[in-house]
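Below: one structure, written as structure tokens.
Hydrogens, waters and symmetry mates are skipped; everything else that's a heavy atom, side chains included, is used. Below, read A as the first sequence line, B as the second, and so on, with proteins coming before strands; counting in each chain starts at 1. Treat the numbers as computed from the prediction; the structure is a model and nothing was measured.
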Amino acid sequence: MTIEDILREDIRKAISTHFDIIADDILLQPTKKEFEGFYTFVTFPLTKTTRKAPAEIGQIIGEHLVENASIVAGFNVVQGFLNISLKDSTWLNLFTDISADEAFGTFPSNSLSVMIEFSSPNTNKPLHLGHLRNNFLGDSLSRILKASGYDVVKTCLVNDRGIHICKSMLAYKKFGHGETPETSGLKGDHLAGKYYVKFDIEYKKQIAELVAQGIPEEEAAKKAPWILEAQKLLLLWEQGDAETVALWRTMNNWVYAGFAQTYNKIGVSFDKTYYESDTYLLGKDIIEEAIKTGVFYKKPDNSVWIDLSSEGLDEKLVLRGDGTSVYITQDLGTTELKNSDFHNNRYLWVVGNEQDYHFKVLFAILKRLGQTYSEGCYHISYGMVDLPSGKMKSREGTVVDADDLVSQMIQTAADRTQELGKIDDFDGEEAKLLYNQLAMGALKYYLLKVDPKKRMLFNPEESIDFQGHTGPFIQYTYARIRSIIRKAEQAGIQPTIPGDSYHLHQAERELIFVLSQYPVKVAASANEFAPSLISQYVFELAKVYNQFYAEVSIFSDPDPEAVRLRVGLSAAVSETIRKALGLMGIGVPERM
RNA sequence: GGUCCGGUAGCUCAGCUGGAUAGAGCAGCUGCCUUCUAAGCAGCAGGUCAUGUGUUCGAAUCACAUCCGGAUCACCA
């Protein structure tokens, strides 16, 4: 039972004794800064049933609380707003609970397992900024879900086959001259990407030539020699042609080695990786089977369809006339595979919002097929990342490369840190670790602080900011606290909670109040699949701590009880910052 | 055209199960380092919450309409 629950119960009692009304929903909101109190109860909704003025109702409930509610210290009424303050003993008890709870903010198992699929790259090009948002969201959500009691399985579905890979392969065959990551000095994924770009340049040239000969552009795009060759390559691959498969394998392995480096650098990993080359043929059987039960139907050309118009969707093709799969067929099969592999209670997909429709269709079909797990399927749809210059387009080369971005961030972190000169005694390894932590802190925080559902703007100048609403600001607060804890340890000061006679400083109350919100925020971010709630929370916590830090002196206070409490508060804040940033995959430095 | 998402300070974003004079950060301007890390703190300035109508004691929040931006409606993935 939280303080809020207790207070709600007390208000409910006050209402029933004075007005003879059973109020089921007691709405509490945090009191605005300019008023005294921590919790506010709005009395307007009670005016009708009680036939009393809002201020009068507030007065009556307030008086009742002061007399009867053991946690309440006082109140004030402003118009229809009843602002309630709590006793210092209440705050101290609350803080006692928080500091005693090692697992503060971590929920016990809820006996539910969840699979979360994210990242899911194509193997024809390196990761870019858009993938970073996806990866950070997926990684952070898996940590948040774990903290809120789920058993989590992280998966990645690698898009390792298809026409796009064949394009890279074709360009490599034409222009590669046996180049390898070793001979070129390029990371494998960048090497594959280089040929993907080469393909596109050549392809566009061929289209232009055909158009110049008077062929309409649409037709030219289909007839250009290289696209035909790439399609032939895809066919050869599907037939298992040894040479094609060998090249495919070689190039993909280069790419995987490159991806592994990037994932390692950004701190992302998976429990299980699925490859589309293993799963793309799945799903057909499910459909063939369900034609019999009437879920799907055949058209004269032998293509197979489902009519989802009663769900507000359209008629959707699920198998081509030649019997081959389409995207949705494959996803149906992959989901079935996931379910038979892991039997999870929930399945999540972190996929961009351009696929909203696809997932609506997928879930509708699963439901029609009578799959009970369809109820637990959820598309975590996130918005695109835009650049100040507009949309990122990989074909037009306007993408921000993930590896480049990460190394720029590390460079910036190094420059910034060296300017300040606070860690001149660090050795090379320590410094490197710090730069990495700060760089990833800045980048992850920047991409996670925005509501995932919303489209966001990536402003390069802002993203390397280390002040204000940023990861490094919070990391800095942590490092500051750690310095205090070290000092306290040296001085032999034990954090202790003072007795009931202790009069709290307002800054101390605020700190306890914000700390107490942490578990609520963890639960909310898990429910809404929104790491941004954690990022906002931890920023608020750091801000309130910095205010406290500027306002009160920790070690030079004449009251030893105050010193010991403040050391304890600092420790609790640092731990909560560490946990909260940890939920975002961000590490914390001892010094910076 | 149908469907979906969005439009809040110069910029980037919170707030949106209706509640007080709409909040942060950045940028701009003022102060604060002989005292625990100034990557910090305090303050000033900045808003017709796209527009209109409605519901309500009360609307940035709900409903309807309009305008603007984006996504999607492939036998691509």
Whole-Å distance separating the CD1 atom of A/I328 from the C1' atom of B/rA77: 11 Å

Indicate whether A/F44 forms a stack on B/rG19; treat it as stacked only if centroid distance is below 5.5 angstrom and interplanar angle below 30 degrees. yes

Quick test: give all pairs of protein nitrogen or oxygen and nucleotides 28-33 of chain B nitrogen or oxygen below 3.5 Å, distance rounded to 0.1 Å.
none

Atom CG of A/N459 and atom C1' of B/rG25: how far apart are they, to the nearest Å? 13 Å

Over how many whole Å does the gap from A/E276 atom CD to B/rA77 atom C1' extend? 7 Å

Verify the contact: side-chain N or O of A/S483 to OP1 or OP2 of B/rU37, cut-off strictly under 4.0 Å; return yes or no. yes

Does B/rA39 have OP1 or OP2 sitting under 4.0 Å from an N or O in the side chain of A/Y476? yes

Closer than 4.0 Å, any side-chain N/O of A/K32 to the OP1 or OP2 of B/rG23? yes

Check whether any side-chain N or O of A/R455 sits under 4.0 Å from OP1 or OP2 of B/rG69, and answer yes or no. no

How should the glycosidic conformation of B/rC33 be described, syn or anti, under the criterion that syn lies within 90° of 0? syn

Taking OP1 and OP2 of B/rA14, is either one under 4.0 Å from a side-chain nitrogen or oxygen of A/K454? yes

Euclidean distance, atom OH of residue A/Y203 to atom C1' of B/rC76 [Å, nearest integer]: 12 Å

Does B/rA20 have A/F35 stacked on its base, where the ring centres are within less than 5.5 Å and the planes differ by under 30°? yes

Check the distance between B/rA77's P and A/R161's CZ and give it to me in whole angstrom. 7 Å

Side-chain touch A/E4/A/Q517, heavy atoms, less than 4.5 angstrom: yes

Please give, in whole Å, the distance from B/rC75 P to A/D301 CG? 11 Å

Please give me the minimum heavy-atom distance between A/M409 and A/A442, naming the atom from each residue. CE-CB, 3.4 Å

Ignoring hydrogens and angles, are the base of B/rA20 and the side chain of A/N83 linked by a donor-acceptor pair under 3.5 Å? yes

Does A/Q467 put a side-chain nitrogen or oxygen below 4.0 Å from OP1 or OP2 of B/rC26? no

Checking only heavy atoms, does the side chain of A/S532 share a donor-acceptor pair with the base of B/rA14 at less than 3.5 Å? no

Using a 3.5 Å limit for the pairing distances, which stems of at least 3 consecutive Watson-Crick or G-U wobble pairs does RNA chain B take part in? B:1-7 with B:67-73, B:10-13 with B:23-26, B:28-32 with B:40-44, B:50-54 with B:62-66

Here the distance between atom C1' of B/rC13 and atom CZ of A/R133, to the nearest Å, is 12 Å

Over 60° means perpendicular and under 30° means parallel, so tell me whether A/F458 and A/Y446 are parallel, tilted or perpendicular. perpendicular

Please give, in whole Å, the distance from B/rG19 C1' to A/E34 CD? 14 Å

Check this one for me: any side-chain N or O of A/K449 less than 4.0 Å away from OP1 or OP2 of B/rA24? no

